Amino acid sequence: MFYTENGKLIYRYDAETLVLEGWGRDSLRVRGTKHHQLPQADWALIAPKDNPAPRVEIRDGYAQITNGKITATVKSRGEIIFQNQDGKILLQEYIRNRKSFQYIPGVVQSQGFASALDIEAREYKPILGGDYSLTMRFESDPEEKLYGMGQYQQPFLNLKGCTLELAHRNSQASVPFALSSAGYGFLWNNPGIGSVNFSRNLTVWTAESTKSLDYWITAGDTPADITANYANATGTVPMMPDWAMGFWQCKLRYQTQEELLEVAREYKRRGVPLSVIVIDFFHWPMQGEWKFDPEYWPDPKAMVEELREMGVELMVSIWPTVDRRSENFAEMVEKGYLIRTDRGHRIAMDFHGNTIHYDATNPGARQYLWDKAKANYYDYGIKLFWLDEAEPEYTYYDFDLYRYHLGPNVQIGNLYPMMYAQTFYDGMAAEGQENIINLLRCAWAGSQRYGALVWSGDIDSSFRSLRNQFTAGLNMGLAGIPWWTTDIGGFHGGNPNDPAFRECLVRWFQYGAFCPVMRLHGDREPHSAPLGTSGGGVCVSGAANEIWSYGDEAYAICKEYIDIRQRIQPYIKQLMEAAHETGTPVMRPLFYDFPADEAAWSIEDAYMFGPDLLVAPILYEGARQRKVYLPVGARWKNAWTGEVLDGGRTITVDAPIEQIPLFLRDGADIAIR
C-alpha cells in the first residue's frame with residue numbers, strides 16, 4: 001500500500017513501514033521499521049538549509065519520489081531503485097525471489113527476478129526481547145569506486161572490495177558515508193555496531209541491533225556536488241581560528257609546568273613559529289578529577305599568560321575515564337552519569353586504576369563534565385581541549401557489554417565521540433566563544449559541526465603506518481571530517497637518535513605541513529622515569545620530541561617546513577573558509593578536482609591540498625625520487641625547480657631528503673619558497 005503524508009512517500013506491507021522523504025538538495029532519506037512506529041531520532045542528520053519540496057507520484061502498482069537530481073522508484077513489493085536526472089541507475093536493492101519482477105517504463109529492472117534463492121533486500125531478524133538485527137543488501141557494480149567511510153588502518157583509498165567494521169577503536173573512526181564514482185553519496189544513518197561489505201557481487205550493510213533502517217542518499221554530477229549536499233544535511237565545521245593553522249608542539253608527556261614553559265621559550269629563542277603547545281594526560285591528580293595536580297602545575301593562570309605573551313595557545317588533555325577512587329566517582333554514580341555494564345563489575349579500562357567513562361549521551365553528564373573543565377581550565381584562559389579516549393577506548397571491545405543513557409552500546413555506541421565533542425562545544429559556545437576547535441581521537445558522521453579536529457590515534461612509527469595515514473586522511477575528508485591530522489612521526493616508538501627513524505620523521509613532517517593541522521607528537525624512546533608515586537607524578541614520559549631533538553639536518557628541514565606553513569597561511573585560510581561554508585575537504589584525492597580525468601580516479605599516492613597545490617609525499621624509506629601523475633586540464637609548475645608541464649602525464653621527479661614533491665596548478669601564487 002502506498003500513500004503520501006506531509007510530502008513523504010509511505011509504503012506499507014505486512015509488518016513493515018517504509019518512509020521516503022526529501023532531505024536537502026538532490027537527496028532522499030529512507031527509513032523502515034517493523035515496530036508500530038518509526039523512532040524520531042535524526043542521528044547524524046540536521047534540518048538542511050536548502051530543502052526543496054519533492055514530487056511524489058503514486059501509479060498503478062508502484063510509486064516514485066523525485067527531489068531534484070534523484071528519483072526513487074518503489075515497486076509493489078517494496079523494492080527500491082534510485083536514478084539520477086538522466087535516468088542512470090545509481091543504486092538498487094538486491095532481491096532474489098520469484099515475485100520481484102515488475103515492468104515499469106523508464107526504470108532499470110532488478111537483476112533478481114524469477115529467482116528461487118528467496119533473498120530479501122531488507123532483512124529484519126528478530127532479537128529475543130523486541131528489536132532486530134538488520135541486513136540491507138544492494139546490487140553491486142564491480143567497476144564502481146567507493147571512498148570515505150572514515151578512518152581505517154589499511155592502505156586502500158578505493159574501498160571497493162573492502163569489509164569494514166562499523167565501530168570505533170583506538171585509531172579507527174567509523175564515519176559511514178561513502179562517495180561513489182557512479183555519482184552518488186550514501187550515509188548509513190545508524191549509530192549502532194555493525195559492518196559493511198563492499199564486495200563485487202553485492203553491497204551489504206548490517207546492524208547487530210536496531211529499531212529501524214535509516215539511510216540517506218544524494219546524487220551529484222561531481223564529487224564536490226556530493227560532498228556539498230552531504231554537508232548541507234549533516235553540518236560543517238566552524239571557521240578555524242587563524243592561530244590553529246600554524247605548528248603545534250606535543251610529546252608524551254611534559255611532566256611539569258616549568259618543563260613545558262622552557263620548551264616554548266626555546267622555540268621563541270630560536271625564532272621558530274609556534275602556534276600551540278600541549279599538556280598531555282596525567283597532569284591531573286587522578287582520572288575523573290578534571291584539574292591540574294598542583295604539585296607539578298602550581299600556577300596555571302600564570303602559565304597561560306606567559307604562553308599567550310609569546311603568541312602560543314595552550315591545549316590541555318581531557319580523558320573521559322573516572323577512577324573509582326576519584327573525588328567525583330560516587331556523585332557521578334548516584335546521578336547516573338557513568339556508562340553502565342550489563343554484566344560483571346563496572347570497569348571499562350584498567351590503566352593506572354579501575355575506571356569507567358562518563359556517559360556523553362546523557363545531557364546531565366555533559367553539563368557536569370563541562371562545569372568541572374570550565375572551573376579548572378577554561379577560567380584560566382585555556383580555550384583548546386584535547387578530548388582523548390574518544391571512541392571510547394575499552395580494555396576489551398565487547399560492544400554488547402556497555403549501556404548508555406540513550407540505549408545499549410550495540411544500538412547507539414558510535415554516537416559517543418560526537419557527543420563528547422558536543423560536551424565542550426556547547427559549553428564553550430555558551431561562554432561566547434566562536435571558531436571553536438577541539439582535538440579528538442575519533443568521530444562519527446556529524447562530529448564536524450561540533451568543532452572536531454580528529455587525529456588518527458596511537459599509530460606506530462613507521463613508513464608503513466605513514467602510508468595508512470595517507471589513505472585515512474583522504475577518506476576522512478570525503479566522509480565529511482575536513483579537520484584531520486596525525487601524530488607526526490607516529491605515536492608508538494621511534495628513537496630520536498636512530499638515523500632510520502629520523503628519515504621517517506622528516507618525511508612525515510613534510511607531509512604534515514600539508515595536512516589541515518600540523519602537529520608533532522609521539523611516545524619516543526627511551527622513556528624517562530615517573531616523577532613521583534601519586535597524582536600526576538605516577539606516569540612515565542617519552543624521550544624528547546622537539547624539532548631540535550633529531551640532529552642538525554632534521555632540525556633545519558623541520559624549521560623550513562614550519563616556515564613554509566607560515567608563508568602559505570593565507571592560502572590555508574581560504575581552504576578553511578571553504579570547509580566551513582560548503583564542507584569542502586581541505587585535502588582530497590586528485591579526482592575531486594579533476595573528476596573528468598579517468599586516470600585521476602586511480603591515483604592513491606598523491607593528493608590535492610586545496611584546489612591549487614598537488615602534494616606527492618615520500619612514503620617509502622630511502623626513496624629520493626618518485627613518479628607523479630599530473631592531471632589533465634591544467635599546467636603544473638614544480639614548486640622547487642620552476643619547470644612547467646602540461647597535465648595528462650606521469651613524470652619522475654627528484655625528491656632529496658629536504659624536499660617533498662609539490663606542484664602548483666595554472667600559475668597559482670602560493671609562497672612555497
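Values reported hereafter were calculated over all heavy atoms of this structure, with side chains retained and with hydrogens, waters and symmetry mates removed. As the structure is a computational prediction, the values presented were derived from the model and not from experiment.
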Look at the side chain of E391 and the backbone N and O of A167, then say whether any donor-acceptor pair between them is shorter than 3.5 Å. no

Whether the Y425 and Q433 side chains hold a donor-acceptor pair (N or O, under 3.5 Å, no angle test) is what I'd like checked. no

For residues I481 and A443, report the shortest heavy-atom separation together with the two atoms involved. CD1-CB, 4.2 Å

Check the angle between the aromatic planes of W297 and H283 and answer parallel, tilted or perpendicular using the 30° and 60° thresholds. perpendicular

For L619, is there any backbone N or O sitting under 3.5 Å from a side-chain donor or acceptor partner on R467? yes

Measuring only between side-chain heavy atoms, which start at C-beta, is P617 closer than 4.5 Å to R507? no

Is it possible for you to check whether R169 lies under 6.0 Å from the centre of the six-membered ring of Y152, through NZ or CZ, and within 45° of that ring's axis? no

Is the shortest side-chain N to carboxylate O distance from K268 to E309 below 4.0 Å? no

Ignoring hydrogens, what is the shortest heavy-atom contact between Y254 and L260? Give both atom names and the distance. CD1-CD1, 3.8 Å

Tell me if a side-chain donor or acceptor on D388 pairs with a main-chain N or O of S317 at a distance below 3.5 Å. no

Check for me whether R588 meets the cation-pi criterion with Y607, that is, NZ or CZ under 6.0 Å from the six-membered ring centre and within 45 degrees of the ring axis. no

Distance alone, cut at 3.5 Å: any donor-acceptor contact between the side chains of Y450 and N438? no

Salt bridge D379-K374, side-chain N to carboxylate O under 4.0 Å: yes

Nearest-0.5 Å distance that lies between atom CH2 in W290 and atom CH2 in W370: 13.5 Å

Is there a donor-acceptor contact under 3.5 Å from the side chain of S465 to the main chain of S461? no

Output yes when a side-chain donor or acceptor of D359 lies under 3.5 Å from a complementary backbone atom of H405, and no otherwise. yes

Compute the ring centroids of F247 and F509, then answer whether they are less than 6.0 Å apart. yes

Under 3.5 Å side-chain donor-acceptor pair for D460 and S462: yes

When rounded to the nearest 0.5 Å, the distance separating NE2 of H521 from CD1 of I459 is 10.0 Å

Just how far is it from atom CG of L166 to atom CD of E208, taken to the nearest 0.5 Å? 9.5 Å

Take F292 and W284, measure what ring pair (Phe, Tyr, Trp, His ring centres under 6.0 Å) needs, and give me the verdict at the end. CA-CA 5 Å; F292 289 104; W284 46 70; 9.8 Å; no

Heavy-atom side-chain proximity of T584 to T227 below 4.5 angstrom: no

Is the closest side-chain donor-acceptor distance between W508 and T486 under 3.5 Å? yes

Sidechain N-carboxylate O distance under 4.0 Å for E313, R308: yes

Tell me yes or no: between the side chains of Q469 and Q151, is some donor less than 3.5 Å from an acceptor? no

In terms of relative ring orientation, are F514 and Y561 parallel, tilted or perpendicular, with 30° and 60° separating the classes? perpendicular

Using the ring of each side chain (for Trp, its six-membered ring), is Y397 parallel, tilted or perpendicular to Y394, with breaks at 30° and 60°? perpendicular

Could R265 and E258 be called an ion pair, given the rule that one side-chain N must be under 4.0 Å from one carboxylate O? yes

R441 with E389: basic N within carboxylate O range, under 4.0 Å: yes

Please report the shortest heavy-atom distance between C539 and F282, naming the atom on each side. CB-CB, 3.9 Å

Is the backbone N or O of A302 less than 3.5 Å from a side-chain atom of D299, with the two atoms forming a donor-acceptor pair by type? yes

Just to verify, which of F281, W455, Y377 counts as forming a ring-ring contact (aromatic ring centres under 6.0 Å, His included) with W386? W455

Under 3.5 Å, is there a donor-acceptor pair between the D131 and Q411 side chains? yes

Hey, does the side chain of K251 reach the backbone of G542 with a donor-acceptor pair shorter than 3.5 angstrom? yes

Taking every heavy atom of A44 against every heavy atom of L187, the minimum-distance pair comes out as CB-CD2, 4.2 Å

Please determine, by modelled atom types, if Y550 and R524 share a side-chain donor-acceptor pair under 3.5 angstrom. yes

Under a plain distance cut-off of 3.5 Å, with no hydrogens placed, do S195 and T206 share a side-chain donor-acceptor pair? yes

Nearest heavy-atom pair of I339 and R403: which atoms, and what distance? CG2-O, 3.7 Å

Just checking, is any N or O donor in the side chain of Y296 or Q255 under 3.5 Å from an acceptor N or O on the other one? no

Check the pair T236 / Q448 against side chain to side chain donor-acceptor pair (under 3.5 Å), numbers first and verdict last. CA-CA 6 Å; T236 64; Q448 69 276 4; over 6 Å; no

In terms of side-chain heavy atoms, does T423 have a donor or acceptor partner in Y358 at a distance below 3.5 Å? yes

K573 with D242: basic N within carboxylate O range, under 4.0 Å: yes

With side chains defined as the heavy atoms from C-beta onward, is the minimum distance between P176 and W444 less than 4.5 Å? yes

Apply side chain to side chain contact (heavy atoms under 4.5 Å, CB included) to residues I279 and R253 and explain how you reach the verdict. CA-CA 7 Å; I279 298 174; R253 44 186 281 277; over 6 Å; no

Measure the spacing between OG1 of T355 and CE of M349 and express it to the nearest 0.5 Å. 5.5 Å

Classify the side-chain pair D214/N190 by whether it contains a donor and acceptor separated by less than 3.5 Å. no

Side chain proximity check, V237 to R449, heavy atoms < 4.5 angstrom: no

Using atom types as modelled and distance alone, determine if a side-chain donor or acceptor of H527 lies under 3.5 Å from a backbone N or O of S541. no

Close side-chain approach of L157 and N475, heavy atoms under 4.5 Å: yes

Side chains of S549 and Y555 in contact at under 4.5 Å (non-hydrogen atoms): no

Determine whether a donor-acceptor pair (N or O, by modelled atom type, separation under 3.5 Å) exists between the side chain of N409 and the backbone of L401. no

Going through the distances and angles, do K291 and E327 end up as a salt bridge (charged side-chain N to carboxylate O under 4.0 Å, His left out)? CA-CA 12 Å; K291 61 185 180 182; E327 63 186 15; 3.2 Å; yes

OG1 on T485 to CE on M476, rounded to 0.5 Å: 11.0 Å

If I take atom CG from residue D350 and atom OG1 from residue T321, how far apart are they, to the nearest 0.5 angstrom? 11.5 Å

Under a 3.5 Å cutoff, is there a donor and acceptor pairing between the side chains of Q154 and T471? no

Shortest non-hydrogen contact from N545 to G522? ND2-N, 3.7 Å

Parallel under 30°, tilted from 30 to 60°, perpendicular over 60°: which one fits the rings of Y404 and Y416? tilted

Check whether N362 reaches the backbone of G336 with its side chain - one donor and one acceptor, N or O, closer than 3.5 Å. yes

Any D487 side-chain heavy atom under 4.5 Å of R519 side chain: yes

Heavy atoms, side chains only, cut-off 4.5 Å: are D323 and N354 in contact? no

